[in-house]
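To start, the structure itself, in structure tokens.
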Amino acid sequence: MRDRVAIVGMGCTAFGEHYGRSVEDLIVEACYEAFEDAGIEPRDVQAAWWATMDSGELGRSLAYPLKLRHIPITRVENRCASSLDALRNAAFAVAAGEYDLVLVCGAEKLKDSGFPGVGFDPRAPYTARVDVEMSPPAAFAQAAVRYFHRYGIDLERGREILARIAVKNHRNGARNPKAHLRREITLEEALRAPIVAWPLGLYDCCPVSDGAAAAIVTTAERARQFRPDPVLIKGMGLCCGAYDPRVRDDRDLWTLEENAIAARMAYRQAGIRDPRRELDLAIVHDCFTIHELIIYEDLGFSPRGQAPRDVEAGAFEVEGELPVNTDGGLKCFGHPIGASGLRMVYEVYKQLQGRAGERQLRKADLGLAHCAGGTPILSFASAVVILGRG
Amino acid sequence: MGGAFIEAWGAYLPRWRLDRRELPAGGRGRRAVAAADEDSLTMAAEAALDCLGEEREVDLLVLATTTSPYAEKSAATLLAWALDLPERVVTLDLGGSLRAGTLALRVAAASIQAGHARRALVVASDCRLAPPGSSLEALFGDGAAALLLAEEGRAELRAFRTVPDEILDFWRPEGERFVRTWEDRFVEREGMLRTVGRALEEVMGKRRPEEFTALISVPSPRRARELAGRLGLQGAPALWEEVGYTGCADPLLLFCHHLEEAAEGRVLLAAYGGGVDLVEVELRGRVPGGQGLRGRLDGQPVDYLTYLRWRGLIPREDPPRPFGVTDPSASTIWRERDRILRLRGSRCRACGHLQYPPQRVCAFCGRRDEMESVRLRREGTLFTFSHDSLSGATTAVVDLEGGGRFLGAMSDCDPRRLSVGMKVRLGLRKVMVARGIHNYYWKAIPR
């Protein structure tokens, strides 16, 4: 799959609490920005992949606002990994030679539920409703407890390490006009914030947001017909767990293996051996700071048990060896479930094209986007996409 | 006809105590209060498991309660599932009277004596409500007791005498939540003193009071002492000051409390409620019990407002519901009842690993449909945990003794005092009530 498929247009709405905008509004905004970026008309789109968790069933819910009649539209759901999974499937269709020009769109409207969160895991209709329904913070707090326990990290140091990650992402998000939260915070503020699910405090958790993002995908051969700076897909990975930590008492939560396996798949395709050195940026799934910490190790950025030391050394700051979440991450950009994967690709895309404005990195040739749907104890659908300059 | 004996006993008191000084009606001491996720059924399960240990060979299960979660639907059958009793067990719900516990004993003993059952488990449990501010609110306590009857044992149930009396002493009509009563002088004099006093006199006959230990269960500690004193009977300490009057569980709890201390002698157990039941028991040794009541009469304080919230006596706002959450499905509950209530997991015959919930394809070795159904042990340690400050929910992942991992909620715990490796046990609790379904599951509780 390496170097066979290109992204030639992208769009992304601002993420935030858009009470005045419907999911149709968000879809139109993101997709039309992408159409203009690629220099195409909506009617040029031959097929579409539509990623959302709860904001639209059937392909028709994407066709409706865009009036994309009578083309194949596949609705993809893998919780937070939905839009990277959608991109993956669009890429396969294009690489197979079935289509020249396709649309991938992800969107989520979370703020109409009145519910101060995204909902619980597990979730399925018509269950017995006896199994504990974990809020995401409570689920990820379980992993934090195991990580700190394994590496003998006490409460104070643990919370401080997590707070540093939050401070980093806030600093990056403050320079992103599309981010949901755009305020820098101090370490003290993060440490003093109310606890949401010990050891995670308010600033360890990403907000609940509305938003949409879109990409126009074509073959590598045709890419330059659309723009001089297309972004190529170098590698992709998708790994789905099978609830192992819940059912197997020999499994632990200081590593979230689906993330590691998805990354290895993508690295192999992209020919990456040393991600920390070879990648110029990584946009990863920081739904909670503890997830970003564990991701550093699972994606091979830090050796096992050394992520805290790397955080303290600033390795993943914008000035560091491998900038992570340069756009503010989920923490500040926000997390509309279906849109997040594509928003991560949007940042890599802009960076690779030198169009990241205030956030532009000096060197940006190879970037990674990673997202994961699910929870530590119930396992994940993890997706990784690696992008490079065309 | 053979005799009926007590083979073992068990008891359960909730962890929580409400100081009577906090109550509008006042009083000395404390009363036991069931937690928000407890009810008569969950307490019955605790007492029954305390009594049974690992034993499961029971032919008859009688659940006595005036506060069953259901007016129509057998709570005893639900209890039989939660206790993982053999499917052949006969289940019987006894309610309607404060004497349901002692009547359950009578019925179970008769069944054993007639050879209809070799082992019978009697469980009495109550969680009764009174209007906030009333004297009954201060009097009542929540709790449960269990007795395992068999053809042999160290305590023989020698005689029963039941004297019903038609009187409006305590009553709760269909559809009402609170127990009603009449003027206390009427109830105590014409109810308790007259009925129990006369029956005790008749049963004792010419026998000397020194021959007996009297356990007098009446809803008034003062009148209990008076009754004993009148007849020169030596009583055993009541549970009123630490626990309260526990409804139809009260006589059985008094009895268990006595069994914990005594290894011989004759007991006269009197249970009051619209009449009186007298049970005569001969002790010929120490009857094995569970965890015991000694040392568990005390508990942790809970304040009045929390008690009112726990019992649903204060209206609450409906919280917003996230997308995709539906009411419990009766067919799903039924299909999964063995893994939900019996706590059955599956052990793979090919590789020996135990997994929960039960699987068809082994999570360890991948073989399909080579599983045997195994009941999980209820003791374990915390693998991990979390506490959600917004919802107040505490989750636990427990690694169980003997294998298997359990993901669930925690209860009766201080979320600030949890640690990896902490000892916990699984106890039955009520997870929710939705669409009239009282939904029960196991939760992790600190040991």
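Throughout, protein chains are lettered first and strands after them, A, B, ... in sequence-line order, and every chain is numbered starting at 1.
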Residue, of B:Gly345, B:Pro322, B:Ala393, B:Ala363, that accumulates the most heavy atom pairs under 4.5 Å with chain A: B:Pro322
A:Lys111 side chain vs A:Gly16 backbone, donor-acceptor pair below 3.5 Å: no
For chain B, the option from A:His149, A:Glu133, A:Met134, A:Arg246 that forms the most heavy-atom pairs under 4.5 Å: A:Arg246
Side-chain donor or acceptor of B:Arg309 paired with backbone N/O of B:Ile314 under 3.5 Å: no
Contact leader toward chain B among A:Ser135, A:Pro194, A:Pro137, A:Ser113, where contacts are heavy-atom pairs under 4.5 Å: A:Ser135
Interface moiety of B:Asp388 toward chain A, non-hydrogen atoms closer than 4.5 Å: both
Chain B contacts, top residue of A:Leu378, A:Asp54, A:Asp244 (heavy-atom pairs, under 4.5 Å): A:Asp54
Residue A:Ile195 versus chain B: region with a heavy atom under 4.5 Å: both
Max heavy-atom pair count under 4.5 Å with chain B, selected residue of A:Arg248, A:Arg251, A:Met53, A:Arg123: A:Arg248
Test: B:Asp399 and B:Arg405 ion pair at under 4.0 Å: yes
Sub-6.0 Å ring centroid separation between A:His335 and A:His285: yes
Side-chain donor/acceptor of A:Asp85 to backbone N/O of A:Asn78, under 3.5 Å: no
Residue part contacting chain A, namely of B:Pro357, when any heavy atom lies under 4.5 Å: both
Part of B:Ile340 lying under 4.5 Å from any heavy atom of chain A: side chain
Closest-packed option against chain A by number of heavy-atom pairs under 4.5 Å, given B:Glu336, B:Met432, B:Gln355: B:Met432
Electrostatic pair B:Asp412-B:Lys443, nearest N-O below 4.0 angstrom: no
Contact origin within B:Phe406 toward chain A - heavy atom pairs under 4.5 Å: neither
Plane angle bin for A:Tyr147 and A:Tyr151 - parallel if under 30°, tilted between 30 and 60°, otherwise perpendicular: tilted
Contact class of B:Arg429 relative to chain A, heavy atoms under 4.5 angstrom: neither
Close aromatic pair by centroid cut-off 6.0 Å: A:Phe380 and A:His291: yes
Flag for B:His387-B:Thr394: side-chain donor and acceptor within less than 3.5 Å: yes
Greatest number of heavy atom pairs closer than 4.5 Å to chain A - which of B:Trp334, B:Tyr441, B:Phe364: B:Phe364
Side-chain ion pair, A:Arg146 and A:Asp252, N-O less than 4.0 Å: yes
Toward chain B, the part of A:Pro125 with a non-hydrogen atom under 4.5 Å: both
Interchain contact, B:Ala409 with chain A, by part (heavy-atom threshold 4.5 Å): both
